[in-house]
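Heads up: the structure comes next, in structure tokens.
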Amino acid sequence: MRVISDAALGSIAAPERILAAVCSGFIADATGNLRPVLSSHLACNIGNRRAGDCHVKWGHLEQAEMFAVKVATGFCDKPGSGLPSGNGLMPLLPARTGAPFA
């Protein structure tokens, strides 16, 4: 598995490539070639207090070699401790094996 830094991602993800990928996704959805994006929600409670939330979303373009899963968290009390309130990750996985790629 490769971990890609923000700087490296910025050099790979040029605005033109991102726009082309988003356009392809909309076209795939309109033509029925996109498996629906599913979502799940996990409320993290500690005792009677809500500590935070986690959302997981995924989808797959038919015939695509790769897919991604987005995990995003929101914990509103963290900024007081110097930590960001939101975090997440988006692993990229091959559709043939499921072994993490990046």
Side-chain angles (χ1 to χ4, degrees):
M1 176 172 65
R2 294 186 300 164
V3 176
I4 301 173
S5 69
D6 285 343
L9 184 59
S11 68
I12 296 168
E16 310 83 49
R17 291 181 75 182
I18 294 170
L19 183 59
V22 171
C23 287
S24 294
F26 280 123
I27 291 168
D29 187 35
T31 57
N33 293 318
L34 177 71
R35 292 188 187 173
V37 174
L38 302 174
S39 179
S40 60
H41 172 259
L42 172 66
C44 299
N45 299 321
I46 298 176
N48 293 330
R49 187 177 153 276
R50 169 70 56 89
D53 295 285
C54 177
H55 296 88
V56 180
K57 297 177 182 174
W58 59 92
H60 181 250
L61 290 172
E62 292 293 335
Q63 305 304 316
E65 294 288 324
M66 306 292 265
F67 68 96
V69 177
K70 176 185 173 188
V71 180
T73 61
F75 286 75
C76 296
D77 290 347
K78 287 171 62 178
S81 64
L83 299 170
S85 61
N87 284 290
L89 62 104
M90 192 177 299
L92 183 62
L93 306 123
R96 293 182 194 282
T97 66
F101 177 74

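Taking 4.5 Å as the limit, every side-chain heavy atom of Cys54 sits out of range of all side-chain heavy atoms of Phe75. Side-chain contact check for Pro94 versus Phe101: some heavy-atom pair is nearer than 4.5 Å. Side-chain contact between Val71 and Met90: absent, with no pair of heavy atoms (C-beta onward) separated by less than 4.5 Å. Looking at heavy atoms from C-beta onward, Ser39 lies out of side-chain contact with Val56 at the 4.5 angstrom threshold.
In the hydrophobic clustering of ILVMFWY residues, with side-chain heavy atoms under 4.5 Å counting as a link, Leu89 and Leu93 come out together.
Cys76 and Ser85 get closest at one heavy-atom pair: CA-CB, 4.2 Å. When every heavy atom of Ala51 is checked against every heavy atom of Ile46, the shortest pair comes out as CB-CD1, 3.9 Å.
In this structure, the side chain of Thr73 engages the main chain of Asn87 through a donor-acceptor pair within 3.5 Å.
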Name each donor-acceptor pair under 3.5 Å that joins a side chain in residues 15-26 to protein atoms two or more places apart or in another chain, with its distance.
from, atom 1, to, atom 2, distance (Å)
Arg17, NH1, Ile12, O, 3.2
Ser24, OG, Ala20, O, 3.0

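By the 30° and 60° cut-offs, the orientation of the rings of Phe67 relative to His60 is perpendicular.
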